Amino acid sequence: MDLYEYQAKELFGRHGIPVPLGDVARTPAEARAIAAEIGAPVVIKAQVKTGGRGKAGGIKAAPGPQAAEEEAGRVLGMDIKGHLTRAVLVEVATVPFEEYYAAFLVDRTAGSFLAMVSAQGGMEIEELAERDPGALVRLPIDPAVGVDAAVAQQLVDKAGLPETAAATLQRLWDVMVTEDALLVEVNPLILTTDQRIVALDGKVTLDDNAAFRHERAPEELTGSLEGRARAKGLNYVKLDGRVGVIGNGAGLVMSTLDVVAGAGADPANFLDIGGGASAQVMADGLEIILSDPDVRSVLVNVFGGITTCDAVATGIVTALELLGERGRARPIVVRLDGNNAEVGRRILSDARHPAVRQVPTMDGAAQLAARLAAGA
Amino acid sequence: MAIFLTKDSRVLVQGMTGSEGARHTSRMLAAGTDVVAGVTPGKGGRTVDFGERTVPVFGSVAEAVGETGADVSVVFVPPRFTGSAVEEAVAAEVPLCVVITEGVPVHDAIRFRALARGGTRIIGPNCPGLISPGQSSAGIIPADITTAGRIGLVSKSGTLTYQLMYELRDLGFSTAVGIGGDPVIGTTHIDCLRAFQDDPGTDAIVMIGEIGGDAEERAAAYISANITKPVVAYVAGFTAPEGKTMGHAGAIVSGSSGTAQAKKEALEAAGVRVGRTPSETARLMRSALGTA
């Protein structure tokens, strides 16, 4: 889960990392009240989980409460690269004397942790890596040692950061470890004119797998199909096309999307019901997909492994019974293969459900679903 | 022949007394696996009756290894206990530890991966395990999809592994390894490619990748430098949008890196034929083996 900047800064604050004074606002009036309390010029920053918001007009300076209210009114509701701005961070305007870059992340290639630090911050890190790769210090972090005083010192020395930044780097590592983060990035980490180190921005990605050992605020559900699916524990991603896709196993579903695209149609979603496709999970999945008005046809692609095809077929039949009329409105193409495929196919044909059509191969099923979505 | 797992492998199951552990131990036994022990802390001294075989339960991995000579551990314990279970297997110097559990915190995986370096080979986490058909199965790959043969398979995805095994079931497999879809895993595509290259029982290799990371690109470079056996590949996720996690925690396209197209191009540049669909991939393998 990616955190918003204001959430990242709350975490930083709890770990003793200096951040500018500020608070989050969801209305212009709230922005005004926060600016009045701060009593100094502020910055209004759109809270969206994407980069490049400054260029998109999502960051505005406001000398006082009145301007804060007006600027918040302009930024709230703004669409930034497809992300709707629902909140702004109102914080005291802080002038950097110098700008640095600091990040800890999971290095998939090495299967370990990596520190990246540079004395040249403020710009996109990809840009820095390209323009002046020597200026970006990369240091593998031994998971058994972490970032102790010696490692932090090594980082500031190599990157050319002031001595005072070493303690901040150690605290950022604390965030990484104690919060089970996959990424902790500060860009820019600044030195103020009065020689203080401050995290002016913050990007934190938490590991959802570790949620069981943390008390975390639940991710806000927006009432979208993705939010509803997540509430039901389904792995669903909305896409732009017309063919609804359900399958078991992330790899197989990704592959199914590609095969649908290869058949000339665009998939409407990614939906993985996982290994144990029970009737209830299948019903929840079909319900979500049939709630999507963009869907013209549905493709159910299941390879029976440990969960055999007869169990999956029974699940589909039960799911369609639960859905009643809603399950009849659009054609559902089913491909069952693998363990007990014959039995599963017979269960489906015996059920004689008017919406269900069976095709024995993945390619053939995708072609039929694509044709049906096109209205043929 | 096979890689990592043979008929002589002596398998212990961590979490055998749990429902998943018991269910899959029973299936592994049916597949011919020599399951010699179960490990559940606090339940040592018991036995579990699987019909044809009664398997003793030990309170620790070290004890199970000492008593039975187990050389493979399969881990079915819940995510919150997986880190310590794997660390225990590593401490007991078990040569191969297969971590089936899904939802293991990445920090835990990094820690046990670092501890295991140079000692225990870890496969997974979040993987279906591996099977050498007709010999042994360590994990949850169905044993009745295919029989023994001379194709090696390595994949991030479970169901795609099954799909390709099914498409090529008449030819059969030496070993199929599901390495798992998490961001940090113990055994990579390259580790498996190297082992298949060295295995006299493997004639050709199927490699299944998916979006995210650069494992496929690195595998491509490794193949062009080191692999002389035919390799065909399949990459899932051409239609995946940027920035969205597609089921597997590792399957996310960030910017222009990690796309299916980039992986396909890297593999083709290394002389690997890449199928657009699983069925086309199977056809490419048949033609590579001259059995089309």
Side-chain angles (χ1 to χ4, degrees), chain A residues 2 49-50 106-113 126 142-144 176-177 180-182 207-213 235 237-241 247-262 266-267 270-272 274-275 302-306 308 337-339 341 361-363 366, chain B residues 23-24 27 79-80 103-111 113-115 128 140-142 144-145 155-163 166 181-186 188 208 210-215 218 234 236-241 243-251 255 260 276-279:
Chain A
D2 293 337
K49 295 175 181 179
T50 183
V106 170
D107 178 354
R108 296 167 50 137
T109 304
S112 190
F113 299 110
E126 291 84 357
D142 181 344
M176 186 78 180
V177 173
D180 265 300
L182 304 177
D207 180 5
D208 295 335
N209 283 355
F212 64 80
R213 57 188 175 206
N235 220 322
V237 178
K238 176 84 175 93
L239 301 170
D240 295 331
N248 64 333
L252 184 65
V253 180
M254 275 187 266
S255 172
T256 308
L257 303 184
D258 295 344
V259 175
V260 166
D266 289 325
F270 168 100
L271 176 53
D272 171 19
V302 168
F303 192 93
I306 296 303
T308 52
D337 228 334
N339 275 1
T361 67
M362 183 163 157
D363 297 357
Chain B
R23 188 156 75 105
H24 292 295
R27 289 174 191 273
R80 65 175 66 223
V104 177
V106 173
H107 283 242
D108 297 4
I110 288 175
R111 197 162 48 240
R113 191 182 183 283
L115 285 171
I140 63 172
I141 298 176
D144 46 5
I145 297 178
S155 169
K156 282 182 182 173
S157 152
T159 37
L160 276 179
T161 299
Y162 311 163
Q163 177 71 36
Y166 181 75
D182 275 4
V184 173
I185 50 175
T188 63
I208 305 173
E210 62 190 35
I211 52 166
D214 65 348
R218 283 179 300 114
Y234 175 68
F238 280 88
T239 44
K244 297 270 191 181
T245 303
M246 300 296 258
H248 282 161
R276 281 182 301 108
T277 63
S279 56

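Keep in mind that this is a model prediction, so the values were computed, not measured. The sequence lines fix the lettering, A, B, ..., with proteins before strands; numbering per chain opens at 1.
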Please determine, among D337(A), V106(A), V259(A), the option with the most heavy-atom pairs under 4.5 Å with chain B. D337(A)

Max heavy-atom pair count under 4.5 Å with chain A, selected residue of I145(B), V106(B), T277(B), V184(B): V106(B)

Taking all non-hydrogen atoms of both residues into account, name the closest pair between T239(B) and A261(A) and its distance. CG2-CB, 3.4 Å

Partners passing side chain to side chain contact (heavy atoms under 4.5 Å, CB included) against D266(A) (at least two apart in sequence or in another chain): none

Considering residues at least two apart in sequence or located in another chain, which fulfil the salt bridge (charged side-chain N to carboxylate O under 4.0 Å, His left out) criterion with D214(B)? R218(B)

Which one wins on heavy-atom pair count under 4.5 Å against chain A: T161(B), D108(B), L115(B), T188(B)? D108(B)

Region of A110(A) in contact with chain B, defined by heavy-atom distances below 4.5 Å: backbone

Side chain, backbone, both or neither of R113(B) within contact of chain A (heavy atoms, under 4.5 Å): side chain

Does D240(A) CG have over 12 foreign heavy atoms under 6.0 Å away? no

Region of D207(A) in contact with chain B, defined by heavy-atom distances below 4.5 Å: side chain

Part of A181(A) within contact of chain B (heavy atom distance under 4.5 Å): backbone

Heavy-atom pair with the smallest gap, counting every atom of Q163(B) and P278(B): CG-CB, 3.8 Å

Would you mind reporting whether D107(A) and S112(A) have side-chain heavy atoms less than 4.5 Å apart? no

Could you tell me which portion of D258(A) (side chain, backbone, both or neither) has an atom closer than 4.5 angstrom to a non-hydrogen atom of chain B? both

